[in-house]
Amino acid sequence: MPEPGAAPRRSPQGVPYSDLPHIVNADGLHLFCRYWEPTGQPRALVFIAHGAGEHCGPYDEMAQRLKELSLLVFAHDHVGHGQSEGDRMNIKDFQIYIRDSLQHIDLMKSRHPDLPVFIVGHSMGGAISILTACERPGDFVGVVLIAPLVQMNPESATPFKVFMAKLLNHMLPSLTMGSIESKWLSRDKRQVEAYDADELNYHGGMRVSFGMQLMAAVERMQREIPSISWPFLLLHGDADKLCDIRGSRMMYDNSPSTDKKIKIYEGGYHALHHDLPEVAESVLKELTTWITEHIPAATSQEAQ
Ligand SMILES: O=C(c1ccc2nc(C3CCCCC3)oc2c1)N1CC(N2CCN(c3ncccn3)CC2)C1
């Protein structure tokens, strides 16, 4: 409870957290939450992990589609993103994203102890999803990954550039690296304009220290992939200029999971779920169908 007479904690946009759905993470930071609750008995829980520089608001259409299938969807803005507290798009340890995700997932599981749990993640949110599922391999009935950050693009992250990034991280960790132009992230101009106009997105350059955390997460995933046995669906565009599709192919080829699917979108850019309308619709159909097919039969009978 806040100290008597203390000023209310407010979001970066100045809204008191007492007026916003939120959780307080282990470091005492307030994380803005969104919930999409079906009218009847939910059949499953779905946690959505957004990517770097964005927030969970743009996943509303996806969440609505899942809610219409009687799934209870929930998400939060990661530390330093959107309406949550924390230094903008910066983190001292990537594990914080995973710890906070598990905190929110555990909270929702405590409220719905009999429901199966899925995770959906995009880009860095895909890396969060993978490492969260690796920490609790028996807890999730499925993981959906949309253009996940799994490995660095060898053309852009050359050994020399990685060496320089590690050197700079010791000397000038707050130095910003170049950021990719949003027009290369989606072929739909309206989506790009909405992304650029969204003031809850972070539009600054990526700090070297943050890039190092992403690289550390990539290295951790390389070690984890040979032990991944949980079910997953991979969706990736082969024209992705940010998160190389070779990472998804490598995960698909090298994980021992016996229930895995990869769908490649020819010409698809990074933000597949915000790409051309026919691609975005296909992504929504693919993931809603895959999730529905992976809900254990016993649960759906309970819901009847
Ligand atoms: O999670 C990410 C993201 C951002 C920048 C990244 N840089 C790397 C490299 C850096 C060097 C080391 C290796 C990793 O990985 C990144 C991931 N993103 C990009 C965000 N998406 C959100 C949705 N987007 C969107 N939405 C609508 C219209 C246009 N774009 C595209 C950008 C999420």
Side-chain angles (χ1 to χ4, degrees), residues 48-62 75 77-82 88-91 94 97 101 120-131 145-166 168-169 173 175-222 235-237 239-248 268-277 279-280 283:
I48 296 178
H50 70 73
E54 60 170 353
H55 57 104
C56 62
Y59 293 83
D60 181 65
E61 183 181 2
M62 180 186 297
D77 291 348
H78 303 307
V79 167
H81 287 79
R88 295 297 93 182
M89 203 165 110
N90 203 19
I91 200 81
F94 196 87
Y97 293 143
S101 298
V120 178
H122 161 62
S123 202
M124 178 189 80
I128 294 170
S129 303
I130 290 166
L131 293 173
L145 302 165
I146 305 170
L149 169 62
V150 175
Q151 75 178 30
M152 292 182 284
N153 181 329
E155 274 91 48
S156 58
T158 61
F160 174 72
K161 286 184 181 177
V162 171
F163 169 77
M164 288 307 295
K166 289 179 176 176
L168 281 172
N169 188 43
L175 187 72
T176 57
M177 309 190 303
S179 55
I180 192 168
E181 283 184 81
S182 53
K183 68 179 181 181
W184 299 116
L185 299 171
S186 167
R187 291 172 290 179
D188 186 331
K189 284 187 179 175
R190 291 165 303 172
Q191 291 281 2
V192 171
E193 287 162 4
Y195 179 82
D196 289 339
D198 188 340
E199 293 178 354
L200 289 177
N201 287 336
Y202 173 80
H203 297 290
M206 179 183 288
R207 290 183 190 159
V208 168
S209 55
F210 188 76
M212 293 306 298
Q213 287 301 327
L214 294 184
M215 285 191 236
V218 165
E219 288 167 6
R220 192 173 153 194
M221 280 184 284
Q222 305 308 306
L235 306 172
H236 215 126
D240 188 331
K241 296 170 179 64
L242 188 58
C243 292
D244 198 288
I245 192 171
R246 282 171 281 196
S248 287
Y269 278 22
H270 181 59
L272 276 182
H273 52 308
H274 292 303
D275 203 31
L276 298 174
V279 172
V283 165

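Atom set for the values below is all heavy atoms of this structure, side chains included, hydrogens, waters and symmetry mates excluded. Whatever order the structure lists ligands and atoms in, that order sets their numbers, starting from 1. None of these values were measured; they are calculated from a predicted model.
On a distance-only criterion, S186 and ligand 1 share no N/O pair closer than 3.5 Å. Taking distance alone, with nitrogen or oxygen atoms compared against 3.5 Å, C243 stays at or beyond that limit from ligand 1. Residue-to-ligand polar distances keep L214 apart from ligand 1: every N/O pair is separated by 3.5 Å or more.
Under the side-chain contact (heavy atoms from CB on, under 4.5 Å) criterion, N90 pairs with D87, R207, S209, F210, not counting sequence neighbours. Listed by chain and residue number, E155, D244 satisfy the salt bridge (Lys or Arg N to Asp or Glu O under 4.0 Å) test with R246 (two or more places apart in sequence, or in another chain).
In A271, the part holding a heavy atom less than 4.0 Å from any atom of ligand 1 is the side chain. Residue contacts with ligand 1, taken as heavy atom pairs separated by less than 4.0 Å, involve M124 via backbone and side-chain atoms alike. Contacts between L242 and ligand 1, counted as non-hydrogen atom pairs separated by less than 4.0 Å, involve the side chain only.
Between H273 and Y59, the gap from one ring centroid to the other is short of 6.0 Å. The ring of H122 has its center closer than 6.0 angstrom to the ring center of H270.
In terms of protein heavy-atom proximity, atom 22 (C) of ligand 1 is closest to E54 OE1, 3.2 Å. Among protein heavy atoms, the minimum distance from atom 30 (N) of ligand 1 is reached at L185 CB, 3.5 Å. Regarding atom 13 (C) of ligand 1, its nearest protein heavy-atom neighbour is M152 CG, 3.4 Å. Distance from atom 6 (C) of ligand 1 to its nearest protein heavy atom, with residue and atom name: M206 CE, 3.5 Å. Closest to atom 11 (C) of ligand 1 among all protein heavy atoms lies M177 CE, 4.4 Å. Nearest protein heavy-atom contact of atom 21 (N) of ligand 1 is H122 NE2, 3.4 Å. With hydrogens left out, the protein atom closest to atom 12 (C) of ligand 1 is M215 CG, 3.6 Å, a heavy atom. Looking only at protein heavy atoms, the nearest one to atom 2 (C) of ligand 1 is S123 OG, 2.8 Å.
Residues H274 and D188 form no side-chain contact, since every pair of their non-hydrogen atoms from C-beta on lies 4.5 Å or further apart. Contact annotation: the side chain of S248 never approaches that of L145 to less than 4.5 Å [non-hydrogen atoms, C-beta and beyond]. With contacts defined as side-chain heavy-atom distances shorter than 4.5 Å, the pair D275/Q191 does not qualify.
A donor-acceptor contact closer than 3.5 angstrom links the side chains of H55 and D198.
When the options G53, A52, A147, G51 are ranked by their closest heavy atom to atom 20 (C) of ligand 1, first place goes to A52.
Between Y97 and H78, the ring planes are tilted. Angles from 30° to 60° get that label.
Ligand 1 lies out of reach of H273, whose nearest heavy atom is not under 4.0 Å from it.
Interatomic distance, CD1 of I48 versus OG of S101, reported as 12.0 Å (0.5 Å rounding).
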